[in-house]
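The next block holds one structure in the form of structure tokens; read it before the comments.
Both counts, for ligands and for their atoms, begin at 1 and track the order of listing. All of these numbers come straight from a predicted model, not from anything done at the bench.
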Amino acid sequence: MKFIPEKRPIQGETIASLTAALAESGHPAFRARQIYEWLYKKRVRSWDEMTNLSRALRTWLDETYDLHPTQPILNKTSGDVTDKILLSLRDGSLIETVIIRAPQSGVGRDQSRKTICVSTQVGCAYGCKFCASGLAGWKRDLSAGEIVDQLLEVCAREDSRTDRADPSLASFDNIVVMGMGEPLANYDNLLQALTIANDPLGLGFGARRITVSTSGLVPQILRLAEEPMGFRLALSLHGATNEVREQIMPINRRYPLEELIPAVRTFSRHHGRMLTLEFILIEEVNDTLDQAERLAAIARDLHAHVNLIPYNTVEGLDWRRPSLRRQDRFLEILKSGSVSATIRREKGHDIDAACGQLRLKVEKDGVPTPAEAKKT
Ligand code: SAH
Ligand code: SF4
């Protein structure tokens, strides 16, 4: 299903496409930079605040573009580490954007690393067996503007706490494209959105601080390897043999490890970047000694960092998170095999931070009242 909104989001325009659209309607090219400045530097939330534009141009903008393609309907905070924003789109679909604050060991909270996690689709077609986003299937791709606007929603939240003197995204260390959906299945819109996020006239966020996470779409990984912008890549591996991976990730039948591993190797060679392998630990599925040893061999071969993620319970799914002892043992095997590895513990577990979980709950139970939202 393709959703065609009445007006397209202005946030989906690159500076080049905006300039072309203006020219086509008889407006001067230099207006594009002014509009970008209002959107991404001053971050105003209405056309009327764009005071150096003529009234006629503001009217044209209003008639042509949607300024608010995403609207926050719920904010959830988990302790001091995770904020989750539930956003409603023009067709009523719900998506999630997450802010993760990971304290750095030995430093105060103010110096913690801040990461924004964005969604790229409503639902997901890939049906991984542990994932809430895949449970209800794929509904539609997000437009480039809906992806960029998630970043602007985060900016708006940060701006409301500060005096706006600085570009608020500058306080973030990373953007990870690891929310709902498979980003590489929405390739063109993703690339357009990241071009705008990266553009110094736009959000000015360096490509090296943007990580795209994929379940392993081989042709698109090879395509991304050819892009001039050097994004980082995270591969959701979750199984170190075809046998185990296939059980939990149907995509492995289409692109098995013997095709996937060479593709990510090509990617890291092209960009000279360290790859991350994501590995969700699920009890008695992929947390065995054999899997740890095979994972270590893959990571060494790819010079990749391994990020272990203890499985987050998803309502309606039977998998279990391994005990801390089993998690530690798995990590130890990687480390003793000279692999750089970390374990991501508990971040946002209490606010359903694994991708798609909050949306799933709200679609099932309805939007909680503010009092309920505080309690849950
Ligand atoms: N589709 C892409 C990006 C979004 S899903 C991909 O698969 O890489 C990305 C991440 O969501 C997974 O790598 C994992 O980190 C997280 N995730 C999904 N379900 C989870 C669960 N039940 N427990 C913990 N993490 C989960
Ligand atoms: Fe889709 Fe990623 Fe979830 Fe798999 S893990 S169902 S690819 S969002």
Worksheet item: What pairs with F205 under ring pair (Phe, Tyr, Trp, His ring centres under 6.0 Å), at least two apart in sequence or on another chain?
Response: none

Discussion item. Suppose I only count heavy atoms of G127 and a 4.0 Å limit; which atoms of ligand 2 are within that range?
Written reply: 6 (S)

Practice prompt. Check each atom of ligand 1 against the heavy atoms of I309 and keep those under 4.0 Å away; list them by number with element.
Written response: 15 (O), 24 (C), 25 (N)

Worksheet item: Near V314, which atoms of ligand 1 are under 4.0 Å from a heavy atom of that residue?
Response: 22 (N)

Practice prompt. Identify, by atom number and element, the atoms of ligand 1 in contact range of S236, meaning under 4.0 Å from any of its heavy atoms.
Written response: 6 (C), 7 (O), 8 (O), 13 (O)

Item to complete: State whether C128 contributes an N/O/S atom found under 2.8 Å from atom 4 (Fe) of ligand 2.
Response: yes

Worksheet item: Can you find an N or O of E278 that's nearer than 3.5 Å to an N or O of ligand 1?
Response: no

Item to complete: Would you mind telling me if ligand 1 is within reach of the side chain of I280, the backbone, both or neither, using heavy atoms under 4.0 Å?
Response: side chain

Worksheet entry | Numbered atoms and elements of ligand 2 in range of Y126, under 4.0 angstrom, heavy atoms | 7 (S)

Discussion item. What's the separation between atom OG in S213 and atom CD in E182, rounded to the nearest 0.5 Å?
Written reply: 7.5 Å

Worksheet entry | Residue S215 vicinity, atoms of ligand 2 by number, heavy atom under 4.0 Å | 7 (S)

Worksheet entry | Among R43, K84, R45, the one residue meeting salt bridge (charged side-chain N to carboxylate O under 4.0 Å, His left out) with E153 | R45

Fill in: Criterion ring pair (Phe, Tyr, Trp, His ring centres under 6.0 Å) on H238 and F130, from CA distance to verdict
CA-CA 10 Å; H238 312 321; F130 48 81; 4.9 Å; yes

Practice prompt. Below 4.0 angstrom from a heavy atom of T214, which ligand 1 atoms are there? Numbered from 1 as shown, please.
Written response: 6 (C), 8 (O)

Worksheet, complete the sentence: Per-atom filter on ligand 1: closer than 4.0 angstrom to a heavy atom of G181 are 1 (N), 2 (C), 3 (C), 4 (C)

Worksheet item: Under a 4.0 Å heavy-atom limit, does H238 contact ligand 1 with its side chain, its backbone, both, or neither?
Response: side chain

Worksheet, complete the sentence: Taking only non-hydrogen atoms of G181 and a 4.0 Å limit, the atoms of ligand 2 in range are 8 (S)

Practice prompt. Identify the heavy atoms of Y255 and R245 that sit nearest to each other, and give their distance.
Written response: O-NH1, 4.2 Å

Worksheet item: Heavy atom of G179 under 4.0 Å from ligand 1?
Response: yes

Worksheet item: Just going by heavy-atom distances, which of F130, F279, W319 is nearest to atom 21 (C) of ligand 1?
Response: F130

